[in-house]
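Reading through the structure tokens given below for one structure.
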Amino acid sequence: MTDRKKLLGEVERELKRVRDGYVDFDKILHRLKKGNNLSTNQVSKLETDLKKEIKKLQRKRDKMKSWLSNNNIRDKTSIIEARKKIEDYMEKFKKYENSRSNNKDFETNQAEMVNQEQIEWLEEHTELLSDMIEEAEADIEELETKETSDDVEADAILIAELAEKVDHHTLHFKCLRKLLHMMNNGKIQADDVEYLQDPIKQYLEKSNNGGNLENFAGIYDQMELNFDETSSEEEFEVAAEPDECIIKTTELVDEPESDLYKEVPTGDFSQLDLLTRSMNLLPERYDNERPKDYKPKNPFPVPDCYPTEAPTIFEDEEMFKKFETDTLFFIFYYQQGTYQQYLAAKELKKHSWRYHKKYLTWFQRHEEPEEITPDYEQGTYVYFDYETGWCQRKKAKFTFEYRYLEDKDLM
């Protein structure tokens with residue numbers, strides 16, 4: 001009964017997504033047909049979005065095919081109607097494509113077409129993996145919140161299996177999304193990533209059939225993606241298992257630390273050198289003065305009655321002791337370079353969270369480490385996923401190298 005109820009819930013959610021897909025498709029098609037003043041780039045972007053929407057609907061249609069043969073679904077009327085309507089939209093898309101291909105002014109470079117197809121493939125599969133992560137996490141939540149259970153041990157095993165699936169899906173989601181970002185920026189071409197299509201297809205099949213997913217962690221090993229420039233937005237992704245997503249990139253360069261924190265070996269400086277160094281770090285008179293005018297980093301038009309100055313209470317360290325962990329994470333990631341970010345980090349450390357300088361996120365021991373050495377410790381950790389879920393996730397067998405520990409306030 002529970003399985004049937006779960007299946008019907010999934011069907012209802014998918015039908016809603018299909019209805020939303022009709023609306024999005026019609027909006028884009030309307031803009032293309034009425035947009036006489038659109039630039040070539042705008043038309044290209046809209047056509048890419050249109051193709052993306054029809055492919056999403058096609059995937060839903062394929063899913064419905066399996067539902068039609070499922071005896072647990074008694075009333076299949078809505079599924080049949082939705083499948084028929086998707087086919088109508090596929091025909092509508094085909095007509096639009098034919099009309100465009102017949103237009104003599106419509107010319108596209110073959111290489112660009114191949115790249116665009118690869119970009120669409122990456123977009124499609126990152127979205128598919130995102131949906132799979134969402135579904136697995138929903139199943140975990142349902143199992144964890146059950147009031148009663150016929151077999152607690154079996155539920156615990158299933159939760160562990162689902163959590164492992166989430167880790168695998170997250171790995172591939174982030175690797176493919178990274179490649180998508182690089183393709184969009186022209187750093188790699190379709191030929192560089194085309195080989196991934198077969199292994200990803202096999203991965204998805206094994207995932208659906210309950211097969212072993214461990215063997216797919218190394219499919220990115222042959223990538224040789226080198227960069228002359230580095231940026232935190234482009235170069236870094238927090239992978240479910242950091243060592244698994246092997247895409248060779250240039251290491252991020254840590255921000256130079258203030259001289260105040262650097263150790264001075266005995267004998268390296270004279271007393272005069274040390275005195276001069278200290279004088280350079282003296283606070284200025286105005287350092288303790290509050291800026292007269294608060295200037296937002298990203299101004300946006302808001303009603304005049306809204307506050308225009310940041311409340312001074314948020315400069316009080318005692319206030320941060322009252323905030324919940326999620327609030328502290330929000331302040332840390334959305335108040336960069338401010339005193340509030342520093343206070344949030346300081347409070348998180350009091351709650352036994354530790355910041356990882358390589359993966360730019362927070363970790364906390366879930367239990368005592370299985371192994372501790374002078375250079376690292378290994379065990380099960382909870383980490384904060386600020387990119388894909390804004391939630392805490394658990395990772396077993398994780399190696400935390402002390403060289404990546406940001407520990408200024410722990411010294």
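Computed from a prediction, not measured in an experiment: that's the story for all the values here.
- Residues forming a salt bridge (charged side-chain N to carboxylate O under 4.0 Å, His left out) with Lys322 (at least two apart in sequence, or on another chain): none.
- A 4.5 Å side-chain heavy-atom check between Phe363 and Leu405 finds every atom pair outside the cut-off.
- Remark: Arg13 does not engage Asp131 in a salt bridge, criterion side-chain N to carboxylate O under 4.0 Å.
- The structure places CG of Leu122 at 13.0 Å from NE2 of His181, a figure rounded to the nearest 0.5 Å.
- Taken from CD in Gln378 to NZ in Lys397, the straight-line distance is 6.5 Å, to the nearest 0.5 Å.
- In Glu367, the CD atom is crowded: over 12 heavy atoms of neighbouring residues, nucleotides or ligands sit closer than 6.0 Å.
- Surrounding OH of Tyr376 are at most 12 heavy atoms belonging to other residues, nucleotides or ligands under 6.0 Å away.
- Remark: the Gln118 side chain and the Gln197 side chain contain an N/O donor-acceptor pair separated by less than 3.5 Å.
- Between the side chains of Thr77 and Asp75, a donor-acceptor pair is found at a separation under 3.5 Å.
- Applying the side-chain contact (heavy atoms from CB on, under 4.5 Å) test between Lys56 and each of Glu123, Glu127, Arg17, Lys51 identifies Glu127 as the sole match.
- The ring pair (Phe, Tyr, Trp, His ring centres under 6.0 Å) search around Phe314 returns none, not counting sequence neighbours.
- To the nearest 0.5 Å, atoms NZ (Lys60) and CG (Leu57) are separated by 8.5 Å.
- By the neighbour-count criterion of 12 heavy atoms within 6.0 Å, atom NZ of Lys350 is densely surrounded, having more than that number from other residues, nucleotides or ligands.
- The NE2 atom of His125 lies 5.5 Å from the CG atom of Leu204; values are rounded to the nearest 0.5 Å.
- Looking at residues two or more places apart in sequence or on another chain, you find a salt bridge (charged side-chain N to carboxylate O under 4.0 Å, His left out) between Asp20 and Lys16.
- Looking only at side-chain heavy atoms (C-beta outward), Val382 and Trp362 stay at 4.5 Å or farther from each other.
- The CD1 atom of Ile119 lies 4.5 Å from the CG atom of Asn184; values are rounded to the nearest 0.5 Å.
- Applying ring-ring contact (aromatic ring centres under 6.0 Å, His included) to Phe329 and the options Trp353, Tyr334, Tyr386 leaves one that passes, Trp353.
- In the displayed structure, Glu141 atom CD is contacted under 6.0 Å by at most 12 heavy atoms of other residues, nucleotides or ligands.
- Neither side chain, Tyr89 nor Glu53, offers a donor N or O lying under 3.5 Å from an acceptor on the other.
- Under a cut-off of 6.0 angstrom, the local environment of NZ in Lys206 is sparse, with at most 12 non-hydrogen atoms contributed by other residues, nucleotides or ligands.
- With sequence neighbours excluded, the residues forming a side chain to side chain contact (heavy atoms under 4.5 Å, CB included) with Gln42 are Leu38, Ser39, listed by chain and number.
- In this structure, the side chains of Leu50 and Phe25 come closer than 4.5 Å at one or more pairs of heavy atoms.
- Legend: residues meeting salt bridge (charged side-chain N to carboxylate O under 4.0 Å, His left out) with Asp139, ordered by chain and number and at least two apart, are Lys6.
- Among His169, His172, Gln202, the one residue that satisfies the side-chain contact (heavy atoms from CB on, under 4.5 Å) test with Ser207 is His169.
- Atom OH of Tyr402 has more than 12 heavy atoms from other residues, nucleotides or ligands within 6.0 Å.
- In this structure, the side chains of Tyr383 and His356 stay at 4.5 Å or more apart for every pair of heavy atoms.
- For Asp88, the salt bridge (charged side-chain N to carboxylate O under 4.0 Å, His left out) partners at least two apart in sequence or on another chain are Lys84.
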